[in-house]
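Since the structure comes first, as structure tokens, the remarks are kept for the end.
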Amino acid sequence: MDEVVITTSGAERPWNESGGVKVKQDRMATDLRIWHRVLGMALAQCRRDCGLTTRQAAPRLGMSPATLNRSENAARRFEPAEVGAALAVYQPTRTERARIVALAQGPREGGWWEVPGTVEAHDGAVLAVDSAARSALEFSAIGIPLVAQIPQYTRALRWNRQGEVEAALTRAARRQRVLLRITQPDRTIILDEAVLRRPVGGPMAMALQLRHLAALARGRPVTVRVIPFKEGGYRSPGSCAVYRITDRPTVVHLWSEAASGLLDAPCDTQAVEEMLADLLSIAASPNESVDLVARFAADHERTAGLYP
């Protein structure tokens, strides 16, 4: 029987060490609880698959049934030796064995994630990446990206969170400074047609937002590409931006209102880049896209009663 050696060094290091930012202790504890809970679930399933109850398995693992129950439910951590013993007793398939060993070694390094309440910590990093990038490719299926929002649009997104409006406006203004730089990157913004149709802030505010978007596309190194409804469904990477930086790894920014992540490992960024390439292949051309933006701006203006 092969000896299984498992270390916990990966779990003891900050998850975002490569990003150069120290993780708060409570964040780290939460990450480890989740990670070990998954490990406990996986080992519990292996135990059941080999037909053992916790009472039957515990003596073979050198622990009491109560301790095994607590470990499987993440009330305590499985020690490396205990994971090795469990693999020896349960004899899972090679695939399942490899998955459990990976789980036991802890979260892999790479990437930098922020969660609600701390997402703004990424703003400075995104600004630095954006400024250093040769090109930026952004995608959103649900809204105008922060870099292209007007204040009315930003305010409207927080209609039920008035206390967050000023902070959101400050974040947007900070992100948009890159558009004033002579050396700003070539930027392509891919939007789903739904983004143009949804009257965020009402028809007049939305019309102003779309006129602003069209102006960006006409006067700066910004290209807008719209995915029309007629193209049907597609795989979506979620709201994201791909920054290509000369002589350095590509950086991917994934975000939502709930979390923000920065990735630079090729194994992480490649999948996002491939999905965005697929989206570009079905998006309308730059000229057609600007025409669509202008057409929907006119539709919103008509709804607002500016003209018949």
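FYI, side chains are in, hydrogens and waters are out, and symmetry mates aren't considered; it's all heavy atoms of this structure. From a predicted model like this one, the values you see are computed outputs, not experimental measurements.
Remark: the Gln152 side chain and the Arg155 side chain contain no N/O donor-acceptor pair separated by less than 3.5 Å. At a cut-off of 3.5 Å, with distance as the only test, a side-chain donor of Ser285 or Glu288 sits close to an acceptor on the other residue. Judged purely by distance below 3.5 Å, without hydrogens or angles, the side chains of Ser260 and Glu114 never pair a donor atom with an acceptor atom.
Taking 4.5 Å as the limit, every side-chain heavy atom of Ser289 sits out of range of all side-chain heavy atoms of Leu191. The shortest distance between side-chain heavy atoms of Glu301 and Pro203 does not fall below 4.5 Å. When side chains are defined from C-beta on, Leu61 does not count as touching Thr67, because their heavy atoms never get closer than 4.5 Å. For the pair Gln209/Gln149, a side-chain contact is recorded, criterion being any heavy-atom separation below 4.5 Å from C-beta on. The shortest side-chain heavy-atom distance between Ser239 and Leu254 does not fall under the 4.5 Å cut-off. The shortest distance between side-chain heavy atoms of Pro92 and Leu87 falls below 4.5 Å. Between Phe78 and Leu68, some side-chain heavy-atom pair lies under the 4.5 Å cut-off.
In this structure, OG on Ser71 lies 9.5 Å from CG on Leu39, to the nearest 0.5 angstrom. Rounded to the nearest 0.5 angstrom, Thr170 OG1 and Arg175 CZ are separated by 14.0 Å. For the atom pair CG (Asp268) and OG1 (Thr250), the distance works out to 12.0 Å, reported to the nearest 0.5 Å. The OG1 atom of Thr95 lies 12.0 Å from the CZ atom of Arg97; values are rounded to the nearest 0.5 Å. Put simply, CG on Leu210 and CZ on Arg197 are 12.0 Å apart, with the number rounded to the nearest 0.5 Å. Distance CG/Leu280 to CD1/Ile227: 8.0 Å, rounded to 0.5 Å.
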Review point. Yes or no on side-chain contact (heavy atoms from CB on, under 4.5 Å) for Val224 and Leu216, after CA distance, side-chain angles and deciding distance?
Key: CA-CA 9 Å; Val224 175; Leu216 286 179; over 6 Å; no
Exercise for review: List the steps, then state whether side-chain contact (heavy atoms from CB on, under 4.5 Å) holds for Leu263 with Trp113.
Suggested key: CA-CA 9 Å; Leu263 308 173; Trp113 290 90; 4.0 Å; yes
Practice item. List the steps, then state whether side-chain contact (heavy atoms from CB on, under 4.5 Å) holds for Val252 with Leu262. Key: CA-CA 6 Å; Val252 166; Leu262 289 169; over 6 Å; no
Point to revise | Test log, rule side-chain contact (heavy atoms from CB on, under 4.5 Å), inputs Val126 and Trp255 | key: CA-CA 11 Å; Val126 173; Trp255 73 87; over 6 Å; no
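Considering every non-hydrogen atom in both Val89 and Leu52, the closest pair reads CG1-CD1, 4.0 Å. Contact between Phe139 and Gly238 at its shortest, heavy atoms only, is CD2-O, 3.4 Å. Shortest non-hydrogen contact noted between Ala294 and Arg211 is O-NH1, 3.9 Å. The two atoms that bring Trp112 and Ala125 nearest to each other are CZ3-CB, 3.5 Å, heavy atoms only. Considering every non-hydrogen atom in both Pro237 and Leu276, the closest pair reads CG-CD2, 4.0 Å. Across all non-hydrogen atoms, the minimal contact from Ala58 to Pro65 is CB-N, 3.4 Å.
The existence of a salt bridge linking Arg171 and Glu164 is excluded, since no basic side-chain nitrogen approaches an acidic carboxylate oxygen closer than 4.0 Å. Using a 4.0 Å cut-off between charged nitrogen and carboxylate oxygen, Asp278 and Arg235 count as a salt-bridge pair. Between Asp186 and Arg134, none of the side-chain N atoms (NZ, or NE/NH1/NH2) sits under 4.0 Å from a carboxylate O, so this pair counts as no salt bridge. Between Glu193 and Lys230, none of the side-chain N atoms (NZ, or NE/NH1/NH2) sits under 4.0 Å from a carboxylate O, so this pair counts as no salt bridge. Salt bridge status for Arg244 with Glu273: present, with a side-chain N to carboxylate O gap under 4.0 Å. Between Glu72 and Arg47 there is a salt bridge, since at least one side-chain N of the basic residue sits less than 4.0 Å from a carboxylate O of the acidic one.
Leu213 is connected to Leu292 through a chain of hydrophobic side-chain contacts under 4.5 Å among Ile, Leu, Val, Met, Phe, Trp and Tyr, so both are in one cluster. In terms of hydrophobic clustering, with Ile, Leu, Val, Met, Phe, Trp and Tyr side chains grouped at heavy-atom distances under 4.5 Å, Leu279 and Met275 are assigned to different clusters. A single hydrophobic cluster is seen to contain both Val293 and Leu208, as judged by linkage of ILVMFWY side chains at heavy-atom distances under 4.5 Å, directly or through other members. By the criterion of side-chain heavy atoms lying less than 4.5 angstrom apart, applied directly or through intervening Ile, Leu, Val, Met, Phe, Trp or Tyr residues, Ile189 is grouped together with Val178 in one hydrophobic cluster. Cluster membership for Leu146 and Val222, using ILVMFWY side-chain heavy atoms within less than 4.5 angstrom, is not shared.
The main-chain N or O of Ile144 is found under 3.5 Å from a side-chain atom of Tyr153 such that the two form a donor-acceptor pair. The main-chain N or O of Ala284 is found under 3.5 Å from a side-chain atom of Arg225 such that the two form a donor-acceptor pair. Of the possible donor and acceptor atoms, one in the side chain of Ser131 sits under 3.5 Å from a partner among the backbone N and O of Leu127. Of the possible donor and acceptor atoms, none in the side chain of His253 sits under 3.5 Å from a partner among the backbone N and O of Glu138. A distance-only check finds a donor-acceptor pair linking the side chain of Gln56 to the backbone of Thr53 [under 3.5 Å]. Checking side-chain atoms of Gln91 against main-chain N and O of Ala88 turns up a donor-acceptor pair under 3.5 Å. No donor-acceptor distance shorter than 3.5 angstrom exists from the side chain of Asn73 to the backbone of Ala75, with no hydrogens or angles considered. Between the Glu82 side chain and the Glu79 main chain, a donor and an acceptor come within less than 3.5 Å of each other.
Checking Arg177, Arg187, Gln184 one by one against Asp130, the side-chain hydrogen bond (donor to acceptor under 3.5 Å, both in side chains) holds for a single residue, Arg187.
For CZ of Arg198, the number of neighbouring non-hydrogen atoms (other residues, nucleotides, ligands) closer than 6.0 Å is 12 at most. By the neighbour-count criterion of 12 heavy atoms within 6.0 Å, atom CZ of Arg48 is densely surrounded, having more than that number from other residues, nucleotides or ligands. Other residues, nucleotides and ligands contribute at most 12 non-hydrogen atoms within 6.0 Å of the CD1 atom of Ile142.
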